[in-house]
Amino acid sequence: MSGGVQLENANPVIFQRSVERLLTASEEDEDVHDPIDDREIFDLIRSINDPEHPLSLEELNVLEQVRVKVNDAESTVSVEFTPTIPHCSMATLIGLSIKVKLLRSLPDRFKIDVRITPGTHASEDAVNKQLADKERVAAALENSSLLEVVNQCLSTRRI
Amino acid sequence: MAAVSPLLLSLVEEFVSGLQDSKAKEAAKGVKDGQFTMLQLVEALGVSLTSSQPHTRARGVQLLSEVLQENYAELTEREVEVLTAFYENRLKDHYVVTPSVLRGLQELTKCTTLPPGSAVSMLRSVFQDVHVQSLMLAERACIYNMLINLMETREAELKGLGADFVFGFVQSMDGERDPRNLLLAFQIAKNIVLQGYNLGKFTEELFEVTSCYYPIDFTPPPNDPHGITKEELILGLRAVLTGTPKFAEFLLPLLIEKLDSDVQSAKLDSLQTLAACMSQYESKDLAEFLEGLWASLRREVFQTSSEKMESAALAALAALTSCLSRSVLSSDSEDTLSTFLDLILRDCKHHLSEPDLKLVWPSAKLLQASCSASNRASYVITAAIMPSLIKQFNSRTQCSHRRTLLEVVQRFIQSVNTSQSSDIDESVFSEYRAALCSMVFSALSESNSSLQITAASVLNSLAQQTGLLLDSDIQLAVDHLTRLLLAEEDERVSSAVVDCAGALAEQHPAAFITKLIPRLKEELFSDTESFELRYHPAVHRRCLAALAAVSIQPSVVQESSPVLLDVLSSAHSGSTRFSVDEVVLACRSLQRIAEQVKDTEEAGQCFHDVIIPRLLSLALQAALQNEGPSGPCSPLTKEEVLSAMVPVISTACSRLQPTLAGQTVLRVVSLFLDGDVSFLPDNAFPSHIQLLKQQQGMKASWSQSQLVCLLMACVCSLPRNVEVPQMERLLSQLEELSCSCSHLLSYSSAAKCFAGLINKRPQGESLDSSIQRTMQRVCSELDCPSSPVRTQVFTLMIWVAKALLLRYHPLFSILTDKLFSLLGDPDLGPMAAASFSLLMSDTEDILNRRCHANMRIMYRQRFFSENSAKLVQGFNAAPQEKKPNYLKALSNIITKLPKQVQVSELPALLSLLLEALTCPDQGVQLSTLSCLEPVLLNPPPVLIQQLEALISRLLALVCSPAMKIRITSIRCIHALSQFPVHEVLPFRARVLRALAQPLDDRKRLVRREAVQARGEWFLLGSPVGR
């Protein structure tokens, strides 16, 4: 982070991380089928890094488990995220990161829907439209500098 | 003048005109051996040194210098003086002569007989006649080495040169580019600043000529033979720059500038350099830069990019504050420390009142770093911070806010802990003691579990502040802890409470003896009539854990151990219904006490007189009762209970003082051999107990014979200077028991006990003969396929093998050969393969360091290097159906090898391991994968050559029917993503495609691994990934 640049929101509210999912006996049992559930999807995306802060989207409350829905049988996932401030210029980038992470981590059969929590961002519709447009997402990922920023959000933090 | 010998003349001739370099060595040897003198050599050289050809003169000087190199130590003062004058003069000669002249001068600087004044004149001529930077690398190094030599021996003379010396050096190193020479130059510069040479008006020049390399950016070329690292250069330069406060006015602006840059490594280096220079500086050097430094440090913590940077910034701030605290105040100057602390408080304090915002922690860390720097700083900071924290804690209602505040307070307490020296009796927090205690107690009374956990650890930190808490506070604290122990259901809270109780009891045992232990005892043995209503297994569990945790001081142990022993005896008598699990937990608690109790006579006596005899007595009573006609089986005959008693006795015996240990072992051995029960309490035992003899025809004779594990616990864990009585008799009875008994715990314990004794027995005839006797018996039983005791005998053999392997006994090799031959045995083959894991790993109960076993270092490597070839040979020769045994044995060995050995030995075994991955046996697949996984984290080059084979085998396993194999193989693939990018990038598409399938696996654990691995492989090739 460079010296002079001022962040849009330098002192955001921090939320607590949820505890790791507890291992159950049925998960260790070879014969039981574990369906993909909301918590599993949430675990996939909660540790995505914020583009500005060294914090995860969960810690900034951009993602909450109640806003993550999955239907394993019908192969649909829907995620709503909440930008920290209504004019956040990073909203599209955050949405794109969530979408890419899910595309990489879920089987092909799933239809993935990522959108902004209604009423939390000034240009909600425009961002939602961008994120829903398959071709624009694909085109964005062709852009190598954009892909690099997305990868940065998705990389596990190395200390 | 002595005649010059013809031999010398011919040597000189051949060197100078014949260009035979080897002749220099001969000449040097001749001078060394006294065949000819230095003077004679110079005379013989006369013609060449005065030749009109510069190349001839250069050869002449070269010969002289090379001879000097071998003989500088024997020169007289007069010779040195003449030679110095000669060489100084030669500096003015043709440039081809200069390299040899410099080499000669370098040798002369090593002479102890260097006459006074020569050093100065030598340097003057060098600085005057030579332009250092236009010389070659090696000649420049010569000059630096001269300076280093002279600075070591002629410091006073060089200082006499004044600032000219520094100027000369600055001129010589200006523009140096080779890292090898830079290291030398930095060393000289460091000596100049540290040894107080007069810098005169050249301070800034010296700073400029060195600081131009800052920050060091150097990547050694691949296959660099000189082995110079960036780290060495950084440390070398840092020592120069931070060496003197005179550089402060130049260095600090430079550091601030680098801190404001975007280059992470430069920032980190600046922070570390800043911290380093604080040991030399005083407040007046810093005064004008404080604002700038603070702004940069604050930014690094507030908007940190990594924890490394943050901790470096905090360390620099702490160093800065402690530097300011050190300086002596004069009446007219302002107090820079308080100015600086005001600055920190101005920027940080208000963030502490917003406990849910991001900046609360960075602010708290900055304040704590300065707080930890000095006593004075901690008074100023706490006085400014604590009242507001306490006030906020009391006024806030949200638990998460209160917890954050409490955590901040705890960090302050801890930061002061580290800084306070022992000679200050009053704690910084005395003023806030009452308020802090009431904060902690009110948080402990809340129902929010994370608040309680934090409060428990704050209490712990408070107790570490010597003399802070009053007795009344401790009493109250013990009440709270007791209440929570008995009532709190949450596991995390109770374990925090148990930890806190342990820490408090170490400092203040009295309150725990009078209050906590009696209360816990009451709870454990509470009225049995209302049993069903009151019975809470979790409460019992916590009571047992707490009893162990508080027993660190011997005085507490004397109170707590009888309670635990009472649990065992009442479980035995059946009066209270303690479950087997609780009995095991009671044993674990006793074990923990044995491990952690302070090593004193008092504690040893307690174990010797009370605990060990009572345990043995209870176990024996239970065994005898079990053989009687009726009655329920006592829980103390259960295998898990006995196995829990073993570590109690062995830990206690291993820590006993030698005299007490001697007495204990005497009693225990006579109990087992002769049935001597006189030392046991509650003595109502029949006479003629024979614990080590098989009693034919009696019901449940195993309940007596299994007690041999307690004998093992005692005799195998003694310090090696304690002698075991009746050794021969003991060994033969143990051997008999282990070869004839059919009860698993009995025969395996007897075998272990035998092995433990063999391991510690002194080298000699009697040891060898007893081993040989046993081996004969073992081999003859094993060779007879119909023998009913083959398993027992095999167990004995493996333990004896282990005992001998550890001490490098020569007879071990016979046992290994036997073991290898058993790998092909139809019955014992799988067992033999599994036993390699036992040979290579550390065992819990015996034959380990804690039990004072006779262990040589690196026994694993030795075993591996002696036997791996045999194993590979055996594998190749074995028929197809026996091969899995060999592979299993191999992976058992490799898994346990230390990492460095694994990496170095892997090349030879890699093909075998790859073969094992395709072996259909799932057990082999799994053990091979788990052996590969750690190796992959730091891959040897040979593995990279086999990448294609490795990846295709691993990808084949990600759809294996066994969940564990799927998980481990995906983990291995994950590890592959960290290989050098150019090696693995070609496989990216293939791996991503193959990993798509486990994303839809039916097991969540597999999916999780697949997601992580696939994510990493996606990042491959992108600059942020790697």
Side-chain angles (χ1 to χ4, degrees), chain A residues 1-7 9-16 19 21 23-24 26-37 39-40 43-44 49 52-55 59-60 72 75 84 100-110 144 147-159, chain B residues 259-262 264 267 295-296 299-300 302-311 351 354-363 400 403-404 450 492 961-964 992 995-1008 1010-1012 1014-1019 1021-1026:
Chain A
M1 216 162 290
S2 60
V5 182
Q6 263 303 311
L7 301 179
N9 185 6
N11 193 9
V13 182
I14 309 270
F15 292 78
Q16 215 182 347
V19 289
R21 182 179 191 138
L23 196 61
T24 59
S26 74
E27 281 178 37
E28 286 179 325
D29 183 351
E30 295 249 11
D31 304 322
V32 181
H33 179 112
D34 313 322
I36 297 180
D37 59 13
R39 175 64 203 251
E40 187 171 340
D43 279 341
L44 291 177
N49 304 327
E52 285 188 328
H53 296 284
L55 294 166
E59 286 168 311
L60 293 170
D72 196 12
S75 300
T84 50
V100 171
K101 177 72 187 181
L102 290 175
L103 283 170
R104 288 177 182 179
S105 314
L106 286 174
D108 292 342
R109 61 187 168 92
F110 277 93
S144 64
L147 182 65
E148 197 179 306
V149 183
V150 170
N151 276 342
Q152 194 143 28
C153 295
L154 299 188
S155 62
T156 39
R157 238 174 283 154
R158 269 175 249 276
I159 297 158
Chain B
L259 266 177
D260 294 349
S261 78
D262 266 336
Q264 297 296 314
K267 283 184 171 198
S296 300
R299 190 194 52 239
E300 286 317 307
F302 273 13
Q303 302 176 18
T304 189
S305 49
S306 72
E307 280 191 24
K308 210 159 141 193
M309 202 71 77
E310 185 190 74
S311 59
H351 287 302
E354 303 157 334
D356 52 351
L357 297 191
K358 179 197 168 195
L359 289 181
V360 65
W361 275 113
S363 309
S400 64
R403 199 193 58 172
T404 306
S450 50
R492 291 177 305 134
M963 176 170 75
K964 280 209 175 114
L992 290 179
L995 284 180
Q997 197 179 350
L999 287 183
D1000 211 1
D1001 198 277
R1002 54 207 297 271
K1003 297 307 299 174
R1004 187 168 293 130
L1005 293 175
V1006 180
R1007 294 198 294 264
R1008 194 165 65 191
V1011 165
Q1012 282 171 2
R1014 199 160 188 255
E1016 284 300 316
W1017 274 86
F1018 258 111
L1019 293 180
S1022 129
V1024 287
R1026 258 176 354 101

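A, B, ... follow the sequence lines: proteins, then strands. Residue 1 opens every chain.
The most heavy-atom pairs under 4.5 Å with chain B, out of A/D43, A/D108, A/D72, A/D29, come from A/D29. No other option in A/L154, A/L44, A/L60, A/V32 has as many heavy-atom pairs under 4.5 Å with chain B as A/V32. Note on B/S296, B/A962, B/A996: by heavy-atom pairs under 4.5 Å with chain A, the leading option is B/A962. Interface summary for chain B: among A/H33, A/R104, A/R109, the most heavy-atom pairs under 4.5 angstrom belong to A/R104. The greatest number of non-hydrogen atom pairs below 4.5 Å with chain A, out of B/L359, B/V1011, B/L992, B/T404, is found for B/L359.
When heavy atoms are compared at a cutoff of 4.5 Å, A/L103 approaches chain B solely by way of its backbone atoms N, CA, C and O. Residue B/A1010 does not touch chain A at all, counting heavy-atom pairs closer than 4.5 Å. Heavy-atom distances place the backbone of B/P961, and not its side chain, under 4.5 Å from chain A. Using a 4.5 Å cut-off between heavy atoms, A/E30 touches chain B through backbone and side chain atoms alike. Using a 4.5 Å cut-off between heavy atoms, A/S26 touches chain B through its backbone atoms (N, CA, C, O) alone. Contact annotation for B/Q997: neither backbone nor side-chain heavy atoms come within less than 4.5 Å of a heavy atom of chain A. Residue contact with chain A, scored on non-hydrogen atoms closer than 4.5 Å, involves the backbone and the side chain of B/R1004 alike.
Screening B/K358, B/Q303, B/E310 for a side-chain contact (heavy atoms from CB on, under 4.5 Å) with A/P54, the sole residue that qualifies is B/K358.
Taken from CE in B/M963 to CD in A/E28, the straight-line distance is 6.5 Å, to the nearest 0.5 Å. Residue A/I36 holds its CD1 atom at 13.5 Å from CZ of B/R1002, rounded to the nearest 0.5 Å. Here the CZ-CZ distance, from A/R21 to B/R1008, works out to 8.5 Å after rounding to the nearest 0.5 Å.
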Verdict with reasoning, B/V360 to A/I14, per side-chain contact (heavy atoms from CB on, under 4.5 Å): CA-CA 10 Å; B/V360 65; A/I14 309 270; over 6 Å; no
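Checking side-chain atoms of B/R1007 against main-chain N and O of A/D34 turns up a donor-acceptor pair under 3.5 Å. Listed for the B/R1014 side chain is no donor-acceptor partner under 3.5 Å among the backbone atoms of A/S105.
Residues B/L999 and A/P107 share a closest heavy-atom pair of O-CG, 3.7 Å.
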